[in-house]
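Notes for the one structure printed next.
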There are 2 protein chains.
Amino acid sequence: MTGAQRGTGTNQEAVRRHNLGTLLRHVHDTSEVSRAELTGRMGLNRSTIAGLVGELDTLGLIEHASPATERRGAGRPSAGVRIPEDGPYVVAVDLGVDHATVARVGLGGTIRERASAPIPEETEAWQVGATVATLIRQVVALSPTDAPLLGIGVAVPGLVRRSDGLIRHAPNLGWHDVSFGSIVLAALSLDVPIGLGNDADLGALSEHRRGTAKKIDDLVYLSGNVGVGAGVITGGHRLEGVAGYAGEVGHLCHDPRGLPCHCGSRGCWETVVGAHAIAEALDVPADQAARLGTTLDEMTTPVRELRPIATELGRGLAAVVNTFNPSVVILGGYFRPLFRLCRSEVTAGLTERALRPANEAVRLTLPGLAKDSVLLGAAEMAFEPVFADPVASLAAAVTDAPARLAG
Amino acid sequence: MTGAQRGTGTNQEAVRRHNLGTLLRHVHDTSEVSRAELTGRMGLNRSTIAGLVGELDTLGLIEHASPATERRGAGRPSAGVRIPEDGPYVVAVDLGVDHATVARVGLGGTIRERASAPIPEETEAWQVGATVATLIRQVVALSPTDAPLLGIGVAVPGLVRRSDGLIRHAPNLGWHDVSFGSIVLAALSLDVPIGLGNDADLGALSEHRRGTAKKIDDLVYLSGNVGVGAGVITGGHRLEGVAGYAGEVGHLCHDPRGLPCHCGSRGCWETVVGAHAIAEALDVPADQAARLGTTLDEMTTPVRELRPIATELGRGLAAVVNTFNPSVVILGGYFRPLFRLCRSEVTAGLTERALRPANEAVRLTLPGLAKDSVLLGAAEMAFEPVFADPVASLAAAVTDAPARLAG
DNA sequence: AAAGTTCGTTGGACCGAACAACAATCCTCA
DNA sequence: TGAGGATTGTTGTTCGGTCCAACGAACTTT
């Protein structure tokens, strides 16, 4: 019972849509489920499940599988349902700090192909669009000919307006009010559903569905890159705000007497724990973002200069924990190695400032999907419509993508 | 399509439940609706609406009304539906700083009776429970004999665990881990559904449904009392967090070098803009909370000492605006007169620190329900079950409350 | 090998919303 | 003032989707 706008009544057509969608989502989440399990989880009758499975099968969204090998208890074993190999897929794009990564991701969340290319600093949007389009062509070229392309999802390090996918402000890329979705579609001369999202939001989404926070409905994904942002899921719903800018915790005032920030304010949290601060502490030149990542990843014991940053990370996290009362906080981006190296400093900083009950409820952790969180989150976003309405989404999909993109 | 737990399928019984509930909610929201309007808003067929209205009518939840007086256009005028005078009601309790207010609130959100009593400082929970029980008896005694009591809602200035309504920590009252719901029910020797909620959360709820933020799905109600707390609604859903502690923005670190706070940290926002800070600026003795309220309410031009506090209020609000990207921020409690007096200082402080796009999207405003926001929010919380499942909720209601409570 | 258990399938029952036709009520215009 | 148009409520029917019961299939247990 999710998805429809509030205040609206439900007709039986909507019921069917919803049931088809949630069934598909269950298969997507666990990659293979027995039909018996589905009846239990969805609370519907065996025969109803049979009908739903049948319809999704004829649509080509799922296929039958032999019963699971390990038995538990007596009785006839239940037939499995799974995602077909040559089934529907999406294209996920991750616009990172200095690289663009593109992947073809099948329903079920498996990465089939991937490709990436560097993005030089100060590149204009249409150039990046062309690069991304080339990567998409590469990745789609190898797909089965009759597999439908459901859509494209793009993760952006910046403020994205949810309603139309406009990139309001992406400081790393130097972009303002860029309609990147249209640019990519134009470069491909293709018309498929395309969605854009903030990288932290999408990290939260994928970790919620496939990562550490599976089955956890209140979590925060904290992305530490040049900027600091939080993707928040509460009660199973993504926190958006009215325009999609919610979770911009990087510009919370950490110290009113601190350094000026590019946002116009001073002492923002990200001036203390952002990539520039980390790079300075490690004596890495500010313009070599890639080297900073590898330096941190290869480090096994923390440099002394890192510890104060970790403490400030924890202290700032207190604001996140107090406001959202999450069950899990996932530390992504540069915070991943930082937390690995200085776990105790981070937790100490947090306990220092967080309210006791909220602090007791939260667990800090690393991303379960490692560096693919954001990329897979973009895929999940692109999959969203097919769970809301499988039939309609499939009707809007492109079935001959390889041929079209080759021409 | 709301309410059911995620991942669950929908059967037709659930459809009926949902449609009955949302229809009732529409009548509740607007106190009188024409059936034609209902068909439009709910997107259902005329005949379906007729069936739903009929069922709710026989349940005694709504009644027919003569068509609206003002005509618009040709055609047969549509018959109205409204809440009956002697219909179902709830009891709302607002545990304020020094007073407890209790009201009998009918479906539709109208206050039928109200009563209040002072709560001396350092009163124990069972004593407060007895006081509240007495007030409830007073208020219920006058209700129509056959009107069903649906439940009780209690607003508490403190951290409330949503799952079981336990008051984890209420600094004003000096309570820790108090099961106030059970205490009240025991004092009444009654068994009805009772729910507890944070005062700011409930202020947000009522302002969302009946106040300034009607039809606005992203809002923050900021409650300024002894403590500072935020009730947040995003995407139409209340922000709860895993245990219900979300929105505790009063203890965000406003200045690391600030005064120590009772929470153990230092420089918390509420040490700067909380009641104690305001009282100090106005030279009101710290223990006379009631006088502080009247002093502020009667003030027509701001005292000079108030301005810096208003500025800090705005600066701290930037954190709220950046993290939640709300469409409206409602300033309740002592912030109501403060904002009325020093509007420009507050907005200046906000623009100083908030991100531009988020700041452009937000509007600061006063509560539309004045001082009754929290009380009515408690009522709304108590009504919630009847919208989720009218039939079940009515079955759990008490029909002879006056007699039972008199005995 | 027989009994018990669990699952998939099938046909019918049930429930609720949609639909179509008709009556009721009001507005507008001649 | 009366006819026509428009909109709504009502009623009987249809349609769609889930539930239910019975049966056969497949596997475990004794």
Side-chain angles (χ1 to χ4, degrees), chain A residues 1 4 8-23 32-59 62-82 389-391, chain B residues 1 4 8-23 32-59 62-82 389-391:
Chain A
M1 297 276 261
T8 283
T10 306
N11 51 15
Q12 49 206 17
E13 186 185 342
V15 169
R16 187 68 170 184
R17 248 203 317 270
H18 173 253
N19 285 347
L20 281 173
T22 46
L23 175 45
E32 180 156 346
V33 208
S34 74
R35 299 166 60 154
E37 236 178 295
L38 286 171
T39 67
R41 279 201 234 171
M42 293 185 61
L44 298 180
N45 195 282
R46 286 208 297 268
S47 51
T48 308
I49 295 291
L52 294 168
V53 166
E55 184 163 347
L56 288 177
D57 185 24
T58 60
L59 286 172
I62 60 175
E63 67 181 13
H64 291 89
S66 37
T69 48
E70 89 269 358
R71 302 261 159 282
R72 63 208 174 294
R76 172 177 175 175
S78 185
V81 202
R82 67 160 172 244
D389 189 346
V391 181
Chain B
M1 294 278 261
T8 281
T10 305
N11 52 15
Q12 48 207 20
E13 189 184 336
V15 169
R16 188 68 172 181
R17 249 202 318 268
H18 173 253
N19 285 348
L20 281 174
T22 45
L23 175 46
E32 179 156 347
V33 208
S34 74
R35 300 165 60 155
E37 235 178 295
L38 286 171
T39 67
R41 280 201 234 170
M42 294 184 62
L44 298 180
N45 195 281
R46 286 208 298 267
S47 51
T48 308
I49 296 290
L52 294 169
V53 166
E55 184 162 348
L56 288 177
D57 186 23
T58 60
L59 285 172
I62 60 176
E63 66 180 14
H64 291 89
S66 38
T69 48
E70 88 269 0
R71 304 260 157 280
R72 61 211 175 292
R76 172 177 177 176
S78 186
V81 205
R82 66 158 172 244
D389 189 345
V391 182

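Order of the sequence lines sets the chain letters (A, B, ...), proteins ahead of strands, with each chain counted from 1. What you see is a predicted model, and the numbers here were worked out from it, not measured in a lab.
As rounded to whole Å, 15 Å separates atom C1' of dG8(C) from atom CG of Leu52(A). If you take CZ of Arg46(A) and C1' of dC20(D), they are 10 Å apart, rounded to a whole angstrom. In this structure, Leu23(B) atom CG and dA17(C) atom P are separated by 11 Å, rounded to whole Å. In this structure, Ile49(B) places its CD1 atom 14 Å from P of dC19(C), rounding to the nearest Å. A straight line from CZ of Arg17(B) to P of dG16(C) spans 11 Å, rounded to a whole angstrom.
Distance from the side chain of Leu44(A) is smallest for dC19(D) among the nucleotides dA17(C), dG8(C), dC19(D). Of the candidates dG17(D), dT9(C), dT25(C), the closest approach to any side-chain atom of Val15(A) belongs to dG17(D). Among dG9(D), dA17(C), dC7(C), the nucleotide with an atom closest to any side-chain atom of Ala79(B) is dG9(D).
OP1 and OP2 of dG5(D) both lie 4.0 Å or more from every side-chain N or O belonging to Arg76(B). Within the structure, every side-chain polar atom (N or O) of Asn19(A) is placed at least 4.0 Å from both OP1 and OP2 of dG17(D). A close approach under 4.0 Å does not occur between any side-chain nitrogen or oxygen of Ser47(B) and OP1 or OP2 of dC19(C). A sub-4.0 Å separation between OP1 or OP2 of dC19(D) and a side-chain N or O of Thr48(A) is present. Contact annotation: Arg35(B) side-chain N/O to dT10(D) OP1/OP2 distance is under 4.0 Å. Look at Asn11(A) and you'll find a side-chain N or O under 4.0 angstrom from OP1 or OP2 of dA18(C).
Between the side chain of Arg16(A) and the base of dG17(D), no donor-acceptor pair of N or O atoms lies under 3.5 Å.
Nearest-nucleotide positions on DNA chain D place Thr39(B) closer to the 5' end than the other of Thr39(B) and Asn45(A). Between His64(A) and Gln12(A), the residue anchored closer to the 5' end of DNA chain C is His64(A), taking for each the nucleotide with the nearest heavy atom.
Of all heavy-atom pairs spanning His18(A) and Thr8(B), the tightest one is CE1-O, 3.2 Å.
Under the 4.5 Å side-chain criterion, counting only non-hydrogen atoms from C-beta, Arg35(B) is in contact with His64(B).
Remark: side-chain polar atoms of Asn11(B) are not paired, donor with acceptor, to backbone N or O of Leu44(A) under 3.5 angstrom.
Remark: Glu63(B) CD to Asp57(B) CG distance equals 8.0 Å, nearest 0.5 Å. Rounded to the nearest 0.5 Å, atoms OG1 (Thr48(B)) and CE (Met42(B)) are 9.5 Å apart.
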